[in-house]
Amino acid sequence: MAVPASNGSPNAVDTDVDLVVIGAGVTGIHQLKRALDAGLSARLLEAGQGVGGVWHWNRYPGARLDSESYTYGYLFSKELFEGWEWRERFAGQPENERYFNYAVDTLDLRGHIRFGARVNSALFDEPSATWLVRATDGTEVRARFVVAATGVLSVPVFPDVPGIEDFRGVAHHTGLWPDTPVDFADKRVAVVGTGSSGVQVIPSIVADVASLTVYQRSPNWCTPLNNEPITAEQQAQLRAHFEQLRENLNASASGFLHQPRDRRAFEDSKPERWEFHDRMWHSPGFAKVISHYADMLTDKAANDDWCAFMAEKVRGIVKDPATAERLIPTDHGWAGKRPPFVTGYFEAYNDPKVSLVDLRENPLVRVTETGIETTDGLREFDVIVWASGFDFGTGALNRMGVRGRGGLALEDHWADGPRTFLGLMSHGFPNFFFPGGPHGAAGNNPRYAEDQVNFVADAIEYLRDHGHRVIEVPADTEAGWNAMVAELAAYSPFGEHSYFFGSNIAGKPRSFLLNPGGRPKLREFMGEVLQSKYSRFLS
């Protein structure tokens with residue numbers, strides 16, 4: 001319901017809705033649900049024509065979760081959980097998109113969503129303490145609160161190379177994949193990039209192509225995903241133990257069910273370590289990070305030992321020694337970048353149709369009408385797959401035309417990197433939240449975003465119930481959070497070559513884009529705010 005303008009209360013302002021949510025991904029859908037449950041009027045604006053966020057846009061072959069499916073979905077409703085059966089431990093894109101459509105329809109949210117509405121302006125009006133939000137389809141909505149649930153991987157980027165628009169063949173970015181299948185049969189294909197999406201695409205299309213040329217800027221430490229179907233017995237176990245599952249995930253610092261290991265690497269002999277490394281190699285997904293030796297991410301020698309083991313695995317899989325060496329990282333250790341998990345990736349290089357171009361040896365020169373030119377010559381293609389990543393963290397928020405107090409531009413406030421509190425709010429932007437944005441915790445994204453969604457919903461309800469008009473993080477509180485991020489970033493395993501520092505974007509300020517304190521720090525600071533009843537944040 002719109003808030004009436006005539007009763008003289010602190011809430012008396014003219015609005016179309018109480019809350020505008022931007023983005024119909026996992027976070028935005030949950031935020032919309034919480035708002036409606038609280039009796040608030042809300043509208044969700046989505047740039048695409050469907051729900052699911054990254055699972056709507058990233059339709060490329062091989063796109064797949066690397067968080068266990070049943071830990072990624074919504075856990076606020078037992079009925080919603082029991083009404084869906086995940087088919088695989090790590091679900092693929094089609095199943096993920098179906099799940100979010102199921103959730104939206106089961107929760108009766110679709111009528112509150114406007115599709116094809118890409119937000120390009122959000123202006124704060126100080127006298128009324130409201131936001132005017134505009135979208136490219138002509139939509140205008142005035143609301144008291146805005147929640148920009150735009151996600152950290154929603155703005156695809158392309159290499160800074162001339163001629164990208166000149167190519168006359170078929171070309172798609174993995175993050176802007178069409179909803180109709182791309183024909184790879186008997187085509188000469190280039191895949192540019194070997195990050196998380198590139199290493200999924202390559203083995204998924206290799207059987208179809210006439211030839212496949214992979215352009216690699218730098219290799220990553222890729223390890224097997226080890227996916228498998230979920231059996232009927234496992235489905236029954238998940239349903240029977242839902243409450244315990246939810247409790248364990250809510251208590252987890254990383255949002256996973258994998259258990260940390262107490263033992264340190266060099267408490268074992270080399271044969272014992274490498275036998276354990278082999279068990280880790282065959283373990284599912286992020287178990288390799290969370291359940292590895294306790295000092296894997298803090299002791300360089302332990303990390304080097306695991307990297308040596310992985311390098312031997314690569315050399316044992318890839319038959320051509322020169323190609324194998326090019327696929328082994330030399331500029332970072334395990335988890336120095338976000339580690340991709342793969343199925344059949346290294347094996348693909350044994351196919352005679354596949355070749356690898358090392359862009360450090362032969363940099364990109366230009367894209368032509370017929371192909372890609374590097375310093376060692378031109379190669380011609382029918383299809384180019386740009387697996388070149390995203391403007392992580394700040395990309396979408398800095399492009400939405402957000403203007404706070406006094407017309408302050410969000411992109412100016414963040415000119416040297418994001419300045420936030422809880423990865424949720426910024427000083428100068430009252431009643432504006434961005435859960436799932438920069439300075440979010442690393443781990444299973446929906447689980448820490450759930451913490452943020454609940455904080456935002458509780459704060460808005462508190463304002464409504466206690467007659468407050470505005471909530472805004474004080475400048476010194478914001479500065480304290482950012483000091484914590486900067487201090488703890490030095491202890492993060494992620495190096496400055498990681499996109500978590502914005503290193504994949506030319507000219508982007510080098511600033512740590514995660515919350516290195518993780519979910520525990522997020523909850524610690526949230527608890528302090530709740531205990532104070534938001535006293536320093538209200539006006």
Arg399 and Asp391: CA distance, side-chain angles, deciding distance, salt bridge (charged side-chain N to carboxylate O under 4.0 Å, His left out) verdict: CA-CA 11 Å; Arg399 289 169 168 81; Asp391 188 348; 2.8 Å; yes
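- Using a distance-only test at 3.5 Å, with no hydrogens or angles considered, no donor-acceptor pair links the side chain of Lys187 to the main chain of Asp208.
- Taking the six-membered ring where the residue is Trp, Tyr74 and Phe76 present tilted rings, their angle falling between 30° and 60°.
- In terms of modelled atom types and a separation under 3.5 Å, the side chain of Gln452 and the main chain of Phe433 share no donor-acceptor contact.
- Contact of the Val21 side chain with the Arg43 side chain is not registered, since no non-hydrogen atoms from C-beta on lie closer than 4.5 Å.
- No donor-acceptor contact under 3.5 angstrom links the side chains of Thr368 and Glu373, judged on distance only.
- Scored by the side-chain hydrogen bond (donor to acceptor under 3.5 Å, both in side chains) test, Tyr72 finds Trp55 as partners (sequence neighbours excluded).
- Salt bridge status for Asp137 with Arg114: present, with a side-chain N to carboxylate O gap under 4.0 Å.
- Asp16 contributes a side-chain N or O that, together with a main-chain N or O of Arg142, makes up a donor-acceptor pair within less than 3.5 Å.
- Trp414 has its ring centre less than 6.0 Å from the ring centre of Phe434.
- Sorted by first and then second residue, the salt bridge (charged side-chain N to carboxylate O under 4.0 Å, His left out) pairs involving residues 440-454 (not counting sequence neighbours) are Arg447-Glu450, Asp451-Arg519, Asp451-Arg523.
- Heavy atoms of other residues, nucleotides or ligands lying less than 6.0 angstrom from CZ of Arg87 number 12 at most.
- When all heavy atoms of Ser254 and Ile290 are compared, the closest pair comes out as OG-CD1, 3.5 Å.
- With respect to Asp66 and Arg338, a salt bridge is recorded, a charged nitrogen being found less than 4.0 Å from a carboxylate O.
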Evaluation steps, side chain to side chain contact (heavy atoms under 4.5 Å, CB included), between Thr174 and Val385: CA-CA 7 Å; Thr174 52; Val385 176; 3.8 Å; yes
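- Asn96 places a side-chain N or O within donor-acceptor distance of the main-chain N or O of Ala91, the cut-off being under 3.5 Å.
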Derivation and outcome, side chain to side chain contact (heavy atoms under 4.5 Å, CB included), residues Leu327 and Tyr345: CA-CA 11 Å; Leu327 293 169; Tyr345 172 63; 3.8 Å; yes
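- Put simply, the side chain of Ser252 gets close to the backbone of Phe256: a donor and an acceptor are under 3.5 Å apart.
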Residues His173, Ser388; criterion side chain to side chain contact (heavy atoms under 4.5 Å, CB included); working and verdict: CA-CA 8 Å; His173 193 287; Ser388 44; 3.5 Å; yes
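- The salt bridge (charged side-chain N to carboxylate O under 4.0 Å, His left out) analysis of residues 100-111, with sequence neighbours excluded, yields the pairs Asp105-Arg110.
- Considering only residues two or more places apart in sequence or on other chains, Trp481 meets the side-chain hydrogen bond (donor to acceptor under 3.5 Å, both in side chains) condition with Thr420.
- Here Arg144 does not pair with Asp18 in a salt bridge; the nearest charged N to carboxylate O distance is not below 4.0 Å.
- Counting only N and O atoms by type, the side chains of Thr71 and Asn444 include a donor and acceptor under 3.5 Å apart.
- A side-chain donor-acceptor contact under 3.5 Å links Lys353 to the backbone of Val209.
- Using a 4.5 Å heavy-atom cutoff, the side chains of Gln93 and Pro61 are not in contact.
- Put simply, the side chain of Lys337 never gets that close to the backbone of His332: no donor and acceptor are under 3.5 Å apart.
- Salt bridge Arg89/Glu68: present, at least one basic N to carboxylate O contact under 4.0 Å.
- For Phe432 and Trp131, the gap between ring centers is short of 6.0 Å.
- For the salt bridge (charged side-chain N to carboxylate O under 4.0 Å, His left out) condition, the pairs that include at least one residue of residues 414-427, sequence neighbours left out, are Arg419-Glu478.
- For the side-chain hydrogen bond (donor to acceptor under 3.5 Å, both in side chains) test, no residue two or more places apart in sequence or in another chain qualifies with Trp221.
- Residues meeting the salt bridge (Lys or Arg N to Asp or Glu O under 4.0 Å) test with Glu411, sequence neighbours left out: Arg403.
- Applying the salt bridge (charged side-chain N to carboxylate O under 4.0 Å, His left out) test to every pair with at least one member in residues 56-65, sequence neighbours left out, gives these pairs: Arg59-Glu97, Arg64-Glu88.
- A donor-acceptor pair under 3.5 Å is formed between the side chain of Glu46 and the backbone N or O of Ala24.
- Shown here are the salt bridge (Lys or Arg N to Asp or Glu O under 4.0 Å) partners of Asp376, two or more places apart in sequence or in another chain: Arg379.
- In the model, Ser211 has no side-chain atom that pairs as donor or acceptor with a side-chain atom of Arg188 under 3.5 Å.
- Checked against the 6.0 Å centroid criterion, the rings of Phe81 and Tyr70 do not qualify as a close aromatic pair.
- The backbone N or O of Phe90 sits less than 3.5 Å from a side-chain atom of Asn227, completing a donor-acceptor pair.
- Residue Arg98 qualifies as enclosed at atom CZ: its count of foreign heavy atoms under 6.0 Å is above 12.
- In this structure Thr194 satisfies the side-chain hydrogen bond (donor to acceptor under 3.5 Å, both in side chains) test with no other residue, sequence neighbours excluded.
- Applying the ring pair (Phe, Tyr, Trp, His ring centres under 6.0 Å) test to Phe429 and every residue at least two apart in sequence or in another chain returns His413.
- Listed by first and then second residue, the side chain to side chain donor-acceptor pair (under 3.5 Å) pairs involving residues 154-170 are Arg168-Glu369 (not counting sequence neighbours).
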Pair Thr213-Phe381, side chain to side chain contact (heavy atoms under 4.5 Å, CB included): steps then yes or no: CA-CA 9 Å; Thr213 304; Phe381 301 107; 3.5 Å; yes
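- Without hydrogens or angle criteria, Ser204 side chain to Gln200 main chain gives a donor-acceptor distance under 3.5 Å.
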